[in-house]
Participant: 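My questions all concern the structure below.
Numbered from 1 within each chain, the chains take letters A, B, ... in sequence-line order. Here the structure is a predicted model, which is why all the values come from computation and not from measurement.
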2 protein chains.
Amino acid sequence: MRDLCADARLLSLNTATLGPQRSLADAVEGCLRHGIGGISPWRDKIAATGLEAAEKLIRRSGLIVTGVCRGGHFPAADADGRARALADNRRAVDEAATLGAACLVMVVGGLPPGSKDLPGARRQVEDGLAATLEYARTQGVRIAIEPLHPAYAADRACVNTLAQALDICDRLGEGIGVAVDAYHVWWDPDLAAQIARAGKAGRLFAYHVCDWLVPTQDILNDRGMMGDGVIDLRSLRGLMEDAGYDGFCEVEIFSAATWWPRPVDAILATMVARGRSCV
Amino acid sequence: MRDLCADARLLSLNTATLGPQRSLADAVEGCLRHGIGGISPWRDKIAATGLEAAEKLIRRSGLIVTGVCRGGHFPAADADGRARALADNRRAVDEAATLGAACLVMVVGGLPPGSKDLPGARRQVEDGLAATLEYARTQGVRIAIEPLHPAYAADRACVNTLAQALDICDRLGEGIGVAVDAYHVWWDPDLAAQIARAGKAGRLFAYHVCDWLVPTQDILNDRGMMGDGVIDLRSLRGLMEDAGYDGFCEVEIFSAATWWPRPVDAILATMVARGRSCV
């Protein structure tokens with residue numbers, strides 16, 4: 001395994017970690033102050049800065065863009081909704097291309113309002129991914145499906161295991177892979193085998209870390225700083241690296257009560273320290 | 001599929017549905033008033049009544065005991081803790097035998113305090129199940145592993161998919177099967193295949209229903225009444241019955257804010273109505 005103790009260059013900051021009130025500039029400057037080597041912006045932060053200004057800001061910083069969050073949310077109740085989702089995903093591809101991102105991360109979406117048809121939603125997701133992938137290939141953008149924890153199957157993403165995501169990738173071909181997020185996959189009895197499978201197929205595009213707190217107060221916004229929960233992050237990184245992953249460890253922490261209220265430098269100093277000791 | 005519209009004889013009341021403040025007698029009498037055919041008591045309710053009195057109460061009622069909840073919680077930090085868990089599971093087997101229960105439901109347990117060793121916890125679970133099964137066979141009690149939603153992997157059960165549970169069953173042999181709970185498995189992309197596999201192997205010992213609410217306010221105690229959430233319960237029962245399941249639909253709803261505060265007859269009348277229209 002790689003040694004992450006020396007510096008923070010292999011860490012990437014997902015802008016969600018700083019909370020909704022911070023700008024892309026806050027994130028970029030924070031990374032530079034703390035020696036963090038990568039950044040993964042959410043699209044609302046890109047939009048608030050402006051795409052061109054965001055590109056310039058990040059390019060001048062020298063930070064590697066480990067992903068853009070996020071495309072997806074394909075399932076819709078009608079054809080208009082599906083068309084809007086596809087158009088938005090093309091814009092997401094364009095943004096990822098402009099920023100030179102390692103991948104466009106896909107949170108694929110859940111059930112359309114009022115629907116209980118999970119297999120139908122999953123078919124819509126695969127159709128949407130196929131269409132977006134076709135366009136992404138022309139722009140040189142890689143698509144990373146992020147399987148989300150089964151707790152989000154209804155309202156955020158109905159791709160819920162690595163096996164399911166990789167089956168989709170196998171059907172769709174080149175240019176699509178997975179973003180492995182420790183929070184979403186740590187419980188999976190099939191985890192080791194599926195990470196190995198993804199590595200063999202060249203589909204490990206991103207690795208996200210945070211921690212699972214016990215108890216979890218809020219299933220969306222109570223994720224833990226690495227080391228504060230129960231995930232064996234060192235072993236998980238071992239699985240990733242054994243499978244050939246040599247990219248960044250992207251820190252993405254949704255924490256409305258614990259971390260977001262803190263000063264940027266307090267969050268980032270802890271992130272860097274825990275990157276050394278726990279990731 | 002069987003027609004559940006005519007009466008409620010194929011419904012079973014899991015005592016958790018009435019909330020912690022109600023007794024076993026409340027549950028039994030409620031079932032009789034509402035024409036519900038089965039009951040599945042939690043062990044704290046059996047203990048509060050006394051095992052002998054509980055047996056007499058249920059036998060006189062004519063209710064079928066579709067399960068006893070619960071054995072399990074095998075992983076422990078040390079050998080003493082493991083031995084205590086095994087002893088408690090033998091008592092659970094004895095109670096299930098005394099009540100003539102269709103199965104003893106297993107909530108297998110999660111990580112021991114302070115541990116991050118999920119594979120280790122899973123090994124402890126399998127060892128504990130093997131030891132308990134050996135005893136259960138001598139008492140004529142069937143063991144039903146209940147795979148719990150991955151959100152409970154850390155603190156309640158580290159068996160989180162039907163596939164994982166059935167792999168354990170295959171290794172342990174006769175007398176062990178699964179309790180399929182809609183809340184815990186509805187999201188699983190592999191659900192249809194695994195229910196069919198379980199049916200083929202004669203391992204479908206119980207079927208539990210409730211619903212997944214969007215949003216879910218509390219991951220433990222905010223489960224929905226059938227029809228109030230997003231689970232396609234009719235299709236799920238179809239999968240069960242196609243696989244040969246012909247037992248009860250056991251209603252188990254943990255609902256601290258919505259249902260537990262209501263009068264017993266209001267809960268049961270709704271349960272029976274929804275049993276007809278949604279299950």
Participant: Under 4.5 Å from any heavy atom of chain A, what part of Asp155(B) do you find: side chain, backbone, both or neither?
Facilitator: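 Just its side chain gets close to chain A.
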Participant: Could you tell me which portion of Asp117(B) (side chain, backbone, both or neither) has an atom closer than 4.5 angstrom to a non-hydrogen atom of chain A?
Facilitator: neither
Participant: Output the distance between atom CG (Asp218(A)) and atom CD (Gln217(B)), rounded to the nearest 0.5 Å.
Facilitator: 8.5 Å
Participant: To the nearest 0.5 Å, what is the distance between NZ on Lys116(B) and CG on Leu236(A)?
Facilitator: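 Going from the NZ atom of Lys116(B) to the CG atom of Leu236(A) covers 11.5 Å.
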Participant: Which bit of Ile231(B) is near chain A, if near means a heavy-atom gap under 4.5 Å: side chain, backbone, both or neither?
Facilitator: backbone
Participant: Taking side chain as everything from C-beta outward and backbone as N, CA, C, O, which of these in Asp211(A) sits under 4.5 Å from a heavy atom of chain B? Side chain, backbone, both or neither.
Facilitator: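 It is the side chain, since no backbone atom gets that close.
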Participant: Can you see which heavy atom on Leu118(A) is nearest to which on Trp186(B), and at what distance?
Facilitator: CD2-O, 3.6 Å
Participant: So what's closer than 4.5 Å to chain B heavy atoms on Leu233(A): side chain, backbone, both or neither?
Facilitator: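 When you check distances to chain B, no heavy atom of Leu233(A) falls under 4.5 Å.
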Participant: Is chain A contacted by the side chain of Val214(B), its backbone, both, or neither, given a heavy-atom distance below 4.5 Å?
Facilitator: side chain
Participant: Hey, what do you get for CG (Asp190(B)) to CG (Asp190(A)), rounding to the nearest 0.5 Å?
Facilitator: 9.5 Å
Participant: What class does the angle between the rings of His149(B) and His149(A) fall in, given that below 30° is parallel, 30 to 60° is tilted and above 60° is perpendicular?
Facilitator: parallel
Participant: For the interface with chain A, which of Ala154(B), Ala153(B), Cys158(B) has the highest count of heavy-atom pairs at distances below 4.5 Å?
Facilitator: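 It is Ala154(B).
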